[in-house]
Amino acid sequence: MTKSSNTSNNAAALLRIEGITKTFGHTRALSDVSFSIRPGEVLGLIGPNGAGKTTLFECLTGVLPADSGTISRSEKLIPLRDRSSFLFYLPDGITPWPAQSVRWMLDFIVGFFGGPASLRDDVIQRLDLRPLLNSPIGTLSKGQRKRALLAAGLLTPQPVLLADEPFDGLDLRQTREVAQALRTYAASGRTLFLSIHQITDAARVCDRFVLLSGGRVRGEGTVGELSAAASSKHTGESPNGLEEVFLALT
Amino acid sequence: MLSRKSAWLWLVEKEWRELLVSRAWWVLLVLMGPLVGVSFIGAVRTYAEVSGLGGTAAGVGEALSPLVGVWAPTFSACELVAVFLLPFVAIRLMGGDRQSGALKIESQQGMSAFARVAAKAGVLAVGWIVASAAPLVAILLWKSYGGTLYAPELATIAIGHLLNAGLTIALAAAAASMTEHPSTAAVVTLSVTVGTWIVNFIAAVQGGIWEKVSSYTPTAMVAEFQHGLLRVDMVLIALALVMGGLALAAIWIRIGVALRRRVFESLALSALITIVVTACSLVSASWDLSENRMNSFSEGDEQALLQIHTPLRIEAHLAAEDPRRSDLERKALAKLRRVMPDVRVQYISATSTGLFEQTSPHYGEIWYEMAGRKEMSRVTTAEGVLETIYALAGVAAPAEDEESIFRGHPLAVPPNGAALVFYGIWPTVIIAVGVLLKRRST
């Protein structure tokens, strides 16, 4: 990425992430990862399995200790202990409080995190959770659980929601409905950062993308910006669509 | 945004709900009744027989105290449950969040890790108090039989078992936070418990510093409380260890902190706990809250001993496993240390059993030294020890006060209805309440 594009990213950025590095033993999972998050956007973190998407989310939110790297807002560094005021990370593949009902979980999230209680009914309706409210979380199917957890994430008060694989386990209709719901909340001011390995799903919902492969950022921008970057890299014809762009840049 | 206090109360409520859905806790509750029951029924039956039921010679049970005869064995069931069942309940509550992934969500709230651990520990303590309803039922039954109750000694036992449960909870919390899987945490917790038993065993065989260390193990601590002795050093040390265990758990549930930093913090905490525990062990205040003053000399003797301000040195040539040594400790020296702060006791022996030292000319001798004067005796009874000390200090032995002698509370009544209560009604009620709560929650 050029210096001038970095400067323009910084100017519009809600958060600027720089130099995130994480190693597990001798394996470098993330290497000098830098990009920015803009207010009210739906930013997609795209990458193949093992690219480091989950590790990046966990390092950003302090769930996992990073070796190095910073997050700043308006040129001011955000210390690790304060990140929970800005970022909320919704992990993939978890079944928290399995014996408790969905209704209780949503109330708990609002109460425990001080989330917007006024949004509760709207979230329930948009994610079609009303029939599941009395069901214990542990008895839900994968897709149902995903929707319930997304609702929990949307009810947290942090300005940026990081959701790991938000469409995993959802069928086509549910994916479209959830994507629509996410876009609605982004339009109302919530910034969403979604880790998605299905590029078609990502193209459907995200405004901009961060391409991650082998623990490194291979590109950042809209489909058009990434396409231009890919064509300049390969000095050939411009790749068509996000899938082609992704293959060209990674 | 809700206040931090409110968030903590949300967490407490969540932990309570998690405890209510924990099968391990319900199993503990169900088993607590029969375990207390079998101890209580056996103790009351023996107490009744010694008191004259079934033709025992009159007068045998005259000095019987319910503390030793009934409550120590009855409450010992709590010790059993605290060692073998409570760790699993605690590990389930402490480690469940890590297993389910809830820890990753809760850790993003910004609340301090210690506050989160404290919420869990508090709920577990309440869970333990609920389980303690079983010995409470035993107390009510005893009262219905016409038995006497002495509240201070019962309170001392209850405090002892609550502290013991607190130690188990803190240990399980630390183990559950430091390990990835609950089964590993269970192994670690039980290993530490077995380790304290080994310390007790070594102390019994080798004596010396091990004897001092072993006096602060949970088993030894509970034994002191079961004798109605409230020792400030033990309470402080138990509280320090509980807080230390919870702090260790708080260090390790911070999954976002680098491993090296957590290790350093754990080492620093261990050093701090060691210092605090050592300092607490220097505190000598204690209260004998038993009705029969089983941990004290008679009031007359205590008054006489208080007149002696000269340091006393005792050199006992008795091996660690010699029964005379435990007699001397239990019947005389433990009581003596409570009245005379400046007593130094030294045990001398070449072997642990003393079996092959019997022919040694000095074996069995107990030397008393006070202000340069020395006296030797071989008597290990309280009366014999006091007699020697009075002679050495030139203090007149007090006259025996007939009024102050504990006459006991014999009760020749069998444990009627206790079996029905503990083996039938208790489990039925617990299971019924459990099913009812489950239905309500769904």
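What you see is a predicted model; the values in this text were computed from it and never measured. Values below: all heavy atoms of this structure, side chains included; hydrogens, waters and symmetry mates excluded. Each chain gets a letter, A, B and so on, in the order its sequence line appears, and its residues count up from 1.
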How many angstroms lie between atom [atom1] of [X] and atom [atom2] of [Y], to the nearest 0.5 angstrom?
{"X": "B/I105", "Y": "A/T156", "atom1": "CD1", "atom2": "OG1", "result": "9.5 Å"}
{"X": "A/T95", "Y": "B/Q99", "atom1": "OG1", "atom2": "CD", "result": "11.5 Å"}
{"X": "B/Q108", "Y": "A/S85", "atom1": "CD", "atom2": "OG", "result": "11.5 Å"}
{"X": "A/I94", "Y": "B/D97", "atom1": "CD1", "atom2": "CG", "result": "10.5 Å"}

Engaged part of B/V257 at the chain A interface, taking heavy atoms whose separation is under 4.5 Å: backbone
Region of B/E106 that comes under 4.5 Å of a non-hydrogen atom in chain A: both
B/K14 side chain reached by A/F112 side chain, heavy atoms, under 4.5 Å: no
4.5 Å side-chain heavy-atom contact, B/E18 and A/Q100: yes
For the student: nearest non-hydrogen atoms of B/S100 and A/P98, plus distance: CB-CD, 4.2 Å
Nearest heavy-atom neighbours spanning B/G110 and A/S84: CA-OG, 3.8 Å
Per-residue contact mode, A/D67 against chain B (heavy atom under 4.5 angstrom): neither
Structural part of A/L87 lying under 4.5 Å from a heavy atom of chain B: backbone
CZ/B/R17: more than 12 non-hydrogen atoms of other groups inside 6.0 Å: yes
Heavy-atom neighbours of B/M178 CE exceed 12 at 6.0 Å: yes
Options B/R254, B/E13, B/R261, B/K104, ranked by heavy-atom pairs under 4.5 Å with chain A, top entry: B/K104
Partner chain B: residue of A/I137, A/D82, A/D107 with the largest heavy-atom pair count (under 4.5 Å): A/D107
